Amino acid sequence: MRLGFGVRLGVRFGFASGSGFVSGSASDSLKKYPCGGEHTPSPIASAVPLSAAPSLTTDTQLTAVTTTTEAGHTIALLGDKNGWLHKVFLQPDTTGTLYLSVIVDKDSPVNADLLLDQSGQNVYVLTDSKVSKVSVSQCEQQPDCRSCLSVRDPYCGWCVLEGRCTRRMECSREGQANHWLWSYQPANQPANQPANQPANQPANHPQPANQCVTVQSLEPAIQSREEETQVSLVLALLPTLSEEEESLTCSFGTLAPQPAVVTGTTITCQSPLPELLPPSPPGSDHMSLRVSVMFRDVTVSSGDIIFYDCRAVGRLNATSPCMACVGSVWPCNWCVLDGLCTHNNNNSCPKQHTIHNSVEQQLELKGPDSCPFVWALQSSPLVPMGFLSPLVLLGRNLDMLQGEEQYSCVVVVVGEELKLNATLKNDPETKVTTITCSVHQFQYPLKQLEYSAPIYLQRGSRRVDTAPILRLQLYDCSVGQSDCSQCRAVSSGYGCVWCGGETPGCVYNLSCSSSPGPADTCPSPQITQIQPVSGPVEGGVLITIRGSNLGMHYQDIQGGVTVAGVSCLPQSHGYLISTRIVCELQPSKQETEGPVIVTVGDSEPGRSLQTFTYQDPQLTGIVPDKGPVSGGTSLTVQGTRLRTGQRKDLTAYVGQQPCYIVEEVNGTHLVCRTSPSNQTAELTVRVLFGKAERSVPGQVFHYMEDPVITEAFPAESFYGGGRSIKVIGRSLYVVQQPMITVWVEPKENPPMRRRRRRRRNNQLVFNSTVPKQEHCTVVSSSEMTCLTPRVTPDTKVMGVWFELDNVKVAFESVAGKTFSYYPNPELFALNRDDPDTPYRFKPGGVIAVEGKGLTRAMTRGEVVAWLGDKECEVKTLDSTHLYCEPPEKQPASLGNHKLPSLRVVMGKLNIDLGTVQYDTEDLSPVPLAAQVGLAAGATVVVLVVLVIILMYRRKSKQALRDYKKVLVQLETLEINVGDQCRKEFTDLMTEMMDLSSDVGGPGIPLLDYKTYAERVFFPGQRGAPLSQNLDLPESRRQTVEQGLGQLNNLLNNRLFLIRFIHTLEAQQNFSQRDRGYVASLLTMALHDQLEYFTDVMKTLLGDLVKQYVAKNPKLMLRRTETVVEKMLTNWMSICLYSFLKEVAGEPLYMLYRAIKYQVDKGPVDAVTGKAKRTLNDSHLLREDIDYCSITLVVKGGVEVQPCPVKVLDTDTITQVKDKILDQIYKGAPFSQRPAADSLDLEWRSGQAGHLTLSDDDVTAVFQGRWRKLNTLQHYKVPDGATVALIPGSAAVMGIHQVYQTGESKYCNTTIETEYTRSTRPERVNTVILL
């Protein structure tokens, strides 16, 4: 559907005929009333239809339309047939932007009656079934500027200094630049200027800027944490502060804010002291700190600055601190002799020899390659235990380390540093330094083959940079090599051999001194364990053989393994040198048993002491034989020799569905849990023993429909648990072990992720780590009972559900409400004052027990009370009392007490309330202790009342003294204000006398009547639209003049004229501007017949009064909305001209001149118009500006007398030209003056010194990105300087006109300027007759 918003003007006329109105189409009028009829008007008709482009095109039919305005912008609210409300922003070029759609009533058409409330904040939407109140905007829901502008809501904008998303009217400074940011604001337009274009300019589509106050640059972006400096931030769209006491602050992280210096859009603040900065994160050499520009407690914008720590760079790399320092991304330098990493380039190293960072330019000694560095081992890194081994290292740039300090090689063995003396030898050709360490016999206490020991060079107490990979490989052949095969399998580079003799073992080759020396062959294999010890006759299971000397390689045992006389195939992936063999059992023809035999090469075979058995397992039955299709049933498979093979070799199946084994398997039983099935079925149960399969003969498992729970009650319990929950459903007998589960979370911990719910078959499945569970009892196929689990008070119940094997049903989905846990009911002891004293009971009555919250999660029928070994029948239970009737005779005690005790059982709570003694004696009504307590309480109350009275009297005297002090201060203030007012009044009277003498000379510039009438009738137009002569060819002049004569006759017809006006106003598309133009044209046409004009106007006013009496009389004549109201305005303007000219004009002009004279005495902002001496508080210039008044001598021609003009040294050049023109043309209308923009101001000094002054030239001063307008103070123009107004340098050459005004006693100045001039009514808004 296409929706067009535009203006279509269609007028239909109705004429009196008989008893009613006759209307016809345009084509009928053309035929009935031909043009030129004597007594008929020319018909208004057109053969060309008017068209408008659509603002929005939708695929859904629209059923409702209404529009509203916000800050001068139009928003359309559209309802469609599907129940949606669309919000559309209408651009100035009539295009529409759909920015939000809200569902009101799905699939229900929106009624055409969309109604906005009086505040305009909500719209009432009517559908078939309901009336909805929809907010037109939701600005307050946006937390930050970015989200506020991204929603593209024309109602919403970001109020910068308040830090919130608001409507424009809600932002206190919305009229000031960049204080209220709008998402539709064009990028090249200030944020306080309306986005709609002026009428005389083309309307461009406003492109959304979507730009918040952002940090464009931050200098410096990185900084050393060891120094303090100035931080400068350049902000885009920074709002200006209007009050002097207001200021911006800078906040670094969580540190206290500090004052900021604002220069244009640049904000400068001091970085924090080094000791105030937070530490860098562990393991990091820098930290990022948020810098926020604050206005009070509101963050205007923020950026990040990085503080780096050069000392931390060296500390974090212990092996090579120099290379890490100079190779860092931060500008850090290394002090060689001091071993210090620093950021300072100037005199940073006390002992000289500085290596600069690699980023430095034009420096020779820089980068990691310049650091003293030990980079390799010249000797072998393999060092055997217990032998003297030499160590030789290679280094470079070590000649930089001058001095007498000793060098040592440091080897770190298991956390202990071993220092060896070192000697250095430099090779001048290769510039490589050889470091020779003293020989040493190394040892390490760890029981492992080898140990990697770091080694580095140390000079004195400081470490020299060393490659991180520089390590010694210490090794011990005897560790981990328990037999000959393992020893001989070690790499030959280690030199390990198997040494025989009395104590054979694996040793280093040079240490084997016993006879007969290193062994060439190994002993026969030894088998210590086989697993499993049984398997099926079909084979297929894996056998694990453990022992020693089981070969050096996998190839040594291939084909050499037999189990009970049957070959077993070794698996390469399970072989471990000499200690483990994994082989696959092969089929056997019959049940048999025997040892495991392993043969390695030519050695004697190894035989196991354990016996392996081939056996044939059998299945005999299953229990139970049914379960739900969702699975989860614990199925027990019965049989013989079920423990065949290992647990991992056993797998069970129900049909094709796996049944997961959950318990340890014995010879006769196997327990598994069934998996879900997609349908009900009768399936065979199978068990796989490796590759051997067995089935249960003559019995199947029945997959049945899942149990369904339809009702569960009650929905409350207490923390102690044990309350009985009755569950109603069907097929409940299918489940073997139903349970009720409660999921709880600790209250003090933050909420866990809600991973507990996911849908499966329209049932809720909960995932909980520590649930509270209780078993339920199945009463019948349709009923079961569950006791609620016990929970602790410090936990929060997150959910309750029933577990029926794999079927999990949430309590909420069954009962329609959540299950609630409440605090345990409290029962007080029978004798609360002395619990050890028995409660005396008179037979024939009831025992009353007091408590709290007794019925919150319990009913009378669920409570059981016992007195000794007899039941105390519960008669009544309410929230605070329990009444039970005990037996007539005192029951026997169940405990060690002689008297029976009263016990109340509520679920799992068993509460002992004390012993009971049957007695008939009366008790004392009021104990003595109670009487003493009452007397003491009364005494305390009396003392409290006396203290309150004394405090009240003291406060009253203090208040009287403060009141007298305030009166004295007010009297002093009144005297000071009176003195100030008298002084100001005297100054004002003196200035008014000067003004009267100044204005009285040239007179008041009055417009002639014709110009005055045209401006009143057609405001904003240059003259009347139809006042010019007709420019027509002679062939049509007679026809047109005849038509105009007929129109004049019709206008003089009173009945036609009234009906004509009423018909026009009845048109819906007849705009208010069109009404004004029609009224003004009628006023011009009937200007010479004011009596007839007045008579017609009186008739129309009568009709208007009747119309408003029926509506609201208070709204009449409020606005010029009808033709007659504009006619009345024009009629009054005509009648008031003489009065304004002769009476009221002079006082009004004097008032204007007085106000302007007062304002011009102080500085005026050339951009915002704010003035220092204004009467308007909203346009008050609050900044303190130093200024002084100077007098300029204005010269025109040679023969013209110079004219002095008073100006301010802070005035811009345009302001100076305006003041000169005001002085020269004080007697001429403003519209007849030359425009200040068409003239240039020239400063003349002597004969040859001429300088043209302007607001903007190459000498303009820049502050950041802002340019200051030039003033007289900028050009240093002195008091009494001579200036002249000359034609503008950029003016087009053409006809010039000479203006000469004033009389002999005023200045006579001649100015030659361009003929083309423009009036500027915005500068004379307070003048009427100009």
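Quantities reported herein were computed from a predicted structural model and do not represent experimental measurements. All residue numbers refer to positions in the sequence shown, counting from 1.
- Under a 4.0 Å N-O distance rule, the pair Lys1170/Glu1183 does not qualify as a salt bridge.
- Of all the heavy atoms in Ser108 and Thr127, the pair that sits closest is OG-CB, 3.5 Å.
- Between the side chains of Asp105 and Ser129, at least one donor N or O sits under 3.5 Å from an acceptor N or O.
- Between Arg290 and Ser292 there is a side-chain heavy-atom pair separated by less than 4.5 Å.
- Residue Asp1186 qualifies as open at atom CG: its count of foreign heavy atoms under 6.0 Å is 12 or below.
- We find that Lys1268 and Asp1255 are not joined by a salt bridge, their nearest charged nitrogen and carboxylate oxygen being 4.0 Å or further apart.
- Side-chain contact between Trp182 and Leu149 is absent, with no heavy atoms from C-beta onward closer than 4.5 Å.
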Is there a side chain to side chain contact (heavy atoms under 4.5 Å, CB included) between Leu181 and Val213? Walk through the geometry before answering. CA-CA 9 Å; Leu181 306 178; Val213 181; 4.0 Å; yes
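- Side-chain N/O atoms of Ser147 and Asp144 include a donor and acceptor closer than 3.5 Å.
- Counting only heavy atoms from C-beta outward, the side chains of Ile1061 and Met1127 approach each other to under 4.5 Å.
- Heavy atoms only, all atoms of each residue included: Leu1269 and Ala1166 are closest at CD1-CB, 4.0 Å.
- Between Asp153 and Ser137, the side chains place no donor N or O within less than 3.5 Å of an acceptor N or O (distance only, hydrogens not considered).
- Side-chain atoms of Gln230 and Ser271 include no donor-acceptor pair closer than 3.5 Å.
- With values rounded to the nearest 0.5 angstrom, Gln176 atom CD is found 8.5 Å from Leu161 atom CG.
- Between Leu77 and Ile75, some side-chain heavy-atom pair lies under the 4.5 Å cut-off.
- With 3.5 Å as the limit, one finds no donor-acceptor pair spanning the side chains of Thr265 and Arg1265.
- Using modelled atom types and a 3.5 Å distance limit, the side chains of Asn122 and Asp117 yield a donor-acceptor pair.
- Taking OG1 from Thr60 and CG from Leu78, the interatomic distance works out to 11.5 Å, rounded to the nearest 0.5 Å.
- Counting only distance, with no hydrogens or angles, the side chain of Tyr184 and the backbone of Arg152 share a donor-acceptor pair below 3.5 Å.
- Disulfide criterion (SG-SG under 2.5 Å) for Cys156 and Cys165: not met.
- Atoms CG and CD1, on Asp1256 and Ile1213 in that order, are 11.5 Å from each other to the nearest 0.5 Å.
- Proximity of a side-chain donor or acceptor of Lys130 to a complementary backbone N or O of Val104 within less than 3.5 Å is detected.
- Note on Glu70 versus Arg167: salt bridge recorded, some NZ/NE/NH1/NH2 to OD/OE distance being below 4.0 Å.
- Arg1153 and Asp1160 are not joined by a salt bridge, as no carboxylate oxygen comes within less than 4.0 angstrom of a charged side-chain nitrogen.
- Taking each heavy atom of Ala236 and Gln211 in turn, the nearest pair found is CB-NE2, 3.5 Å.
- The closest donor-acceptor contact from the side chain of Thr263 to the backbone of Thr266 lies at 3.5 Å or more, if one exists at all.
- Side-chain contact check for Thr240 versus Asn178: every heavy-atom pair is 4.5 Å or farther apart.
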- request: Just do the side chain to side chain contact (heavy atoms under 4.5 Å, CB included) check on Val88 and Thr97 with the steps written out, would you?
  value: CA-CA 5 Å; Val88 179; Thr97 301; 5.7 Å; no
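- Minimum interatomic distance between Asn111 and Ala64 (heavy atoms only, all atoms of both residues): O-CB, 3.1 Å.
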Would Lys1126 and Glu1121 count as a salt bridge (charged side-chain N to carboxylate O under 4.0 Å, His left out) here? Give the steps.
CA-CA 8 Å; Lys1126 180 61 177 175; Glu1121 296 180 343; over 6 Å; no
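- Side-chain N or O atoms of Asp80 include one that pairs as donor or acceptor with a backbone N or O of Gly83 at under 3.5 Å.
- In this pair, His73 and Phe89 present their aromatic rings perpendicular. The plane angle is above 60°, beyond the 30 to 60° band.
- Residues Leu1117 and Leu1128 form a side-chain contact, since some pair of their non-hydrogen atoms from C-beta on lies under 4.5 Å apart.
- Taking every heavy atom of both residues into account, Gly1169 and Val1164 meet most closely at O-CG1, 4.1 Å.
- For the residue pair Thr1174/His1179, the side-chain donor-acceptor check at 3.5 Å is not satisfied.
- A donor and an acceptor atom, one from each side chain of Thr1122 and Glu1125, are located under 3.5 Å apart.
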*Might you work through the salt bridge (charged side-chain N to carboxylate O under 4.0 Å, His left out) test for Arg164 and Glu140, ending with a clear yes or no?*
CA-CA 7 Å; Arg164 60 193 183 102; Glu140 65 279 355; over 6 Å; no
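- The two residues Gln1215 and Asp1211 have their closest heavy-atom pair at OE1-CA, 3.3 Å.
- Under the 3.5 Å distance criterion, the side-chain polar atoms of Thr74 are left unmatched by any main-chain donor or acceptor of Thr69.
- At distances below 3.5 Å, at least one donor-acceptor pair connects side-chain atoms of Gln258 with backbone N or O atoms of Gln270.
- Counting only distance, with no hydrogens or angles, the side chain of Gln121 and the backbone of Val136 share no donor-acceptor pair below 3.5 Å.
- Contact of the Ser1080 side chain with the Asn1130 side chain is registered, since non-hydrogen atoms from C-beta on lie closer than 4.5 Å.
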*Full working for side chain to side chain contact (heavy atoms under 4.5 Å, CB included) between Leu90 and Ser55*: CA-CA 7 Å; Leu90 298 180; Ser55 298; 4.2 Å; yes
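- Residues Thr166 and Cys139 are not in side-chain contact: their nearest non-hydrogen atoms beyond the backbone lie 4.5 Å or more apart.
- With a 6.0 Å radius and a threshold of 12 heavy atoms from other residues, nucleotides or ligands, Arg1267 has its CZ atom at or below the threshold.
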Exercise for the section: Any chance you could lay out the side chain to side chain contact (heavy atoms under 4.5 Å, CB included) test for Glu246 and Arg296, step after step, and finish with the verdict? Expected result: CA-CA 9 Å; Glu246 295 178 340; Arg296 296 175 183 157; 3.5 Å; yes
